[in-house]
J.: 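The structure is given below, and queries will be raised subsequently.
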2 protein chains.
Amino acid sequence: MTTDAATGGQPNLRADARRNRERVLEVAKRHFDLHGVSASLEEIAREAGVGAGTLYRHFPSREALVAATLHDRQAELLGLSQQVRQMPDADAALSRWLEALQTYLRTFNGLPDPVLAALKKEASPLSLSCETLGELTSEVLARAQREGSARNTVSANDLFLGAIAIAWVLNRAEACGTSAEKLNAIFAHGYQETERS
Amino acid sequence: MTTDAATGGQPNLRADARRNRERVLEVAKRHFDLHGVSASLEEIAREAGVGAGTLYRHFPSREALVAATLHDRQAELLGLSQQVRQMPDADAALSRWLEALQTYLRTFNGLPDPVLAALKKEASPLSLSCETLGELTSEVLARAQREGSARNTVSANDLFLGAIAIAWVLNRAEACGTSAEKLNAIFAHGYQETERS
DNA sequence: CTCAAAACGGAGACTATCTCCATTTGACTT
DNA sequence: AAGTCAAATGGAGATAGTCTCCGTTTTGAG
């Protein structure tokens, strides 16, 4: 079970293989953190002390590597989804969930890009997580709508895309005259005054 | 004056230089249209029948080339800003303006990226247009706020960043279960029901 | 200890960005 | 019409990144 996380679900990995996979993952995490998801894979391989071939055998695409480094974060998020489910206030639950979703999407600079790509590609290492996240959002939104605290015209997809969009702009515009709180508030309440229609 | 547009304001360009500049611009427009702002410059140069050196002398960076291809669009947008200024309904004016801003930002796939970068870099071929656009947004917003149709907590910067974010996600998620109208409606009115607070 | 399968790594084929400078071209001057 | 020289050219080459292929090394089961 513990080894499952280390091997990415692949069983019977040879000792040297497991070791290398681990080191690559470790270095990748640090580089993505520092330089965003488009950090140089070449560099990551070099610093991990493996050849390019080894990196690509373990992680056939950048997306696969990104997905693997996000493993823990995804687990956290899934855990939080349970808490959210049990919150008494559907409105607060929705806000909390969207906030967490955004924090996740901001794990690495540039993450929204491949996530969005995965959302429509259907066959990507990241799309599994995408589907799950979409479903969870759907569930939390549905409850809020049932209780009348979210508009019925809004879909889970809209919220998900909105979260991705805001995460994207925030990551790239940090301290550019706005904040996560402000943009999210606008997304929640609108920029228009509410005494209309 | 007419030549000014063709030369990008640079006077006294030699005939061959002007010709080449023109052809690069033409080809670039088509390629950005087709493959987004990250289209291959090498390819553009090749198809325009000039060497890489020539392309880079006329347009020192990708941003410069993008900015040049947007010349006409920017003029249109500026023209529209005049119309918006004269609309009687401040609320409608703001909506109209934000819509136009977004249409502009969606001219090429991936345009929001360099625009956002220009917004904070201060010295970019695109930043002039950014500043102007920021000021115009500020003006239109201020009027709407004076007339009580826009929240006072919202800043022009927030709206601008929001427009960029939505333009970004829409360009990359076309037909992904949402539409420009829906996302913009949420940004305008919020996803929450309004009978609260 | 043996040896087949598993894993490795790095050379090499691509593609792209951007610079440099020997050569060519255009537009004045006479 | 010829001469001149700054302006403009283009493409070779430096650099950097992605990804594949395959001869060599390592592991671990028998």
Side-chain angles (χ1 to χ4, degrees), chain A residues 3 6-28 31-32 34-69 108-110 113-114 117 124-125, chain B residues 3 6-28 31-32 34-69 108-110 113-114 117 124-125:
Chain A
T3 53
T7 59
Q10 244 116 75
N12 294 34
L13 219 45
R14 233 168 63 175
D16 53 346
R18 166 147 46 238
R19 198 187 322 125
N20 281 332
R21 190 179 191 281
E22 212 56 16
R23 296 179 66 188
V24 168
L25 219 40
E26 206 175 296
V27 174
H31 279 235
F32 288 157
L34 230 56
H35 309 114
V37 289
S38 24
S40 163
L41 299 185
E42 198 184 27
E43 179 78 15
I44 289 173
R46 210 169 47 64
E47 190 170 323
V50 305
T54 299
L55 188 151
Y56 282 98
R57 192 166 343 92
H58 283 299
F59 309 101
S61 65
R62 183 181 297 274
E63 277 195 345
L65 181 53
V66 170
T69 59
F108 301 131
N109 219 298
D113 226 294
S124 147
Chain B
T3 52
T7 58
Q10 243 114 72
N12 292 34
L13 218 45
R14 231 169 64 175
D16 53 345
R18 167 145 47 237
R19 199 187 323 126
N20 281 332
R21 190 178 192 281
E22 210 57 15
R23 296 178 67 189
V24 168
L25 217 41
E26 205 175 297
V27 174
H31 278 234
F32 288 159
L34 231 55
H35 310 113
V37 290
S38 24
S40 162
L41 299 185
E42 198 186 28
E43 179 78 14
I44 290 173
R46 211 169 47 64
E47 190 171 322
V50 305
T54 299
L55 187 150
Y56 282 98
R57 192 164 346 90
H58 284 299
F59 309 100
S61 64
R62 183 182 295 276
E63 276 195 346
L65 181 53
V66 170
T69 59
F108 302 131
N109 219 297
D113 225 293
S124 147

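By convention in this document, chain letters (A, B, ...) are assigned in the order of the sequence lines, proteins followed by strands, and residues within each chain are numbered from 1.
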J.: Just distance, no hydrogens or angles: give the donor-acceptor pairs under 3.5 Å from side chains in residues 44-53 of chain A, sequence neighbours left out.
T.:
{"unit_1": "A:R46", "atom_1": "NH2", "unit_2": "A:E43", "atom_2": "OE1", "d": "3.1"}
{"unit_1": "A:R46", "atom_1": "NH2", "unit_2": "A:E43", "atom_2": "OE2", "d": "3.1"}
{"unit_1": "A:E47", "atom_1": "OE1", "unit_2": "A:H31", "atom_2": "NE2", "d": "2.8"}
{"unit_1": "A:E47", "atom_1": "OE2", "unit_2": "A:R30", "atom_2": "NH2", "d": "2.0"}

J.: Using the ring pair (Phe, Tyr, Trp, His ring centres under 6.0 Å) criterion, which residues pair with B:F32? Sequence neighbours excluded.
T.: B:F108
J.: Can you tell me how far P of C:dC18 sits from CZ of B:R46, to the nearest Å?
T.: 18 Å
J.: Rounded to the Å, how far apart are A:H58 NE2 and D:dC19 P?
T.: 17 Å
J.: Could I get the full list of side-chain hydrogen bond (donor to acceptor under 3.5 Å, both in side chains) partners for B:D113, not counting sequence neighbours?
T.: A:R172
J.: Measure the distance from CZ on B:F59 to C1' on C:dT17 and round it to the nearest whole Å.
T.: 17 Å
J.: List the residues meeting salt bridge (Lys or Arg N to Asp or Glu O under 4.0 Å) with A:R23, not counting sequence neighbours, and say none if there are none.
T.: none
J.: Can you sort out the partners of B:A117 under side chain to side chain contact (heavy atoms under 4.5 Å, CB included), two or more places apart, ordered by chain and number?
T.: B:E63
J.: Give me, pair by pair, the N or O atoms of the protein and of nucleotides 9-12 of chain C that are less than 3.5 Å apart, along with how far apart they are.
T.:
{"unit_1": "C:dG9", "atom_1": "OP2", "unit_2": "A:G51", "atom_2": "N", "d": "3.3"}
{"unit_1": "C:dG9", "atom_1": "OP2", "unit_2": "A:T54", "atom_2": "OG1", "d": "3.0"}
{"unit_1": "C:dG10", "atom_1": "O6", "unit_2": "A:G53", "atom_2": "N", "d": "3.3"}

J.: Which letters describe nucleotides 23-30 of chain D, given B = protein heavy atom under 4.0 Å from base, S = only from sugar-phosphate, - = neither?
T.: ---BSS--
J.: I'd like to check the salt bridge (Lys or Arg N to Asp or Glu O under 4.0 Å) partners of A:R14; sequence neighbours left out, ordered by chain and number.
T.: A:D16
J.: What nucleotide, of C:dT17, C:dC8, D:dT18, holds the atom closest to the side chain of A:A17?
T.: C:dC8
J.: Rounding to a whole Å, what distance do you find between B:H35:NE2 and C:dA16:P?
T.: 11 Å
J.: B:R57: what forms a salt bridge (Lys or Arg N to Asp or Glu O under 4.0 Å) with it, not counting sequence neighbours?
T.: none
J.: How many whole angstroms separate atom CD of B:E42 from atom C1' of D:dG11?
T.: 11 Å
J.: Over how many whole Å does the gap from B:L41 atom CG to D:dG10 atom C1' extend?
T.: 16 Å
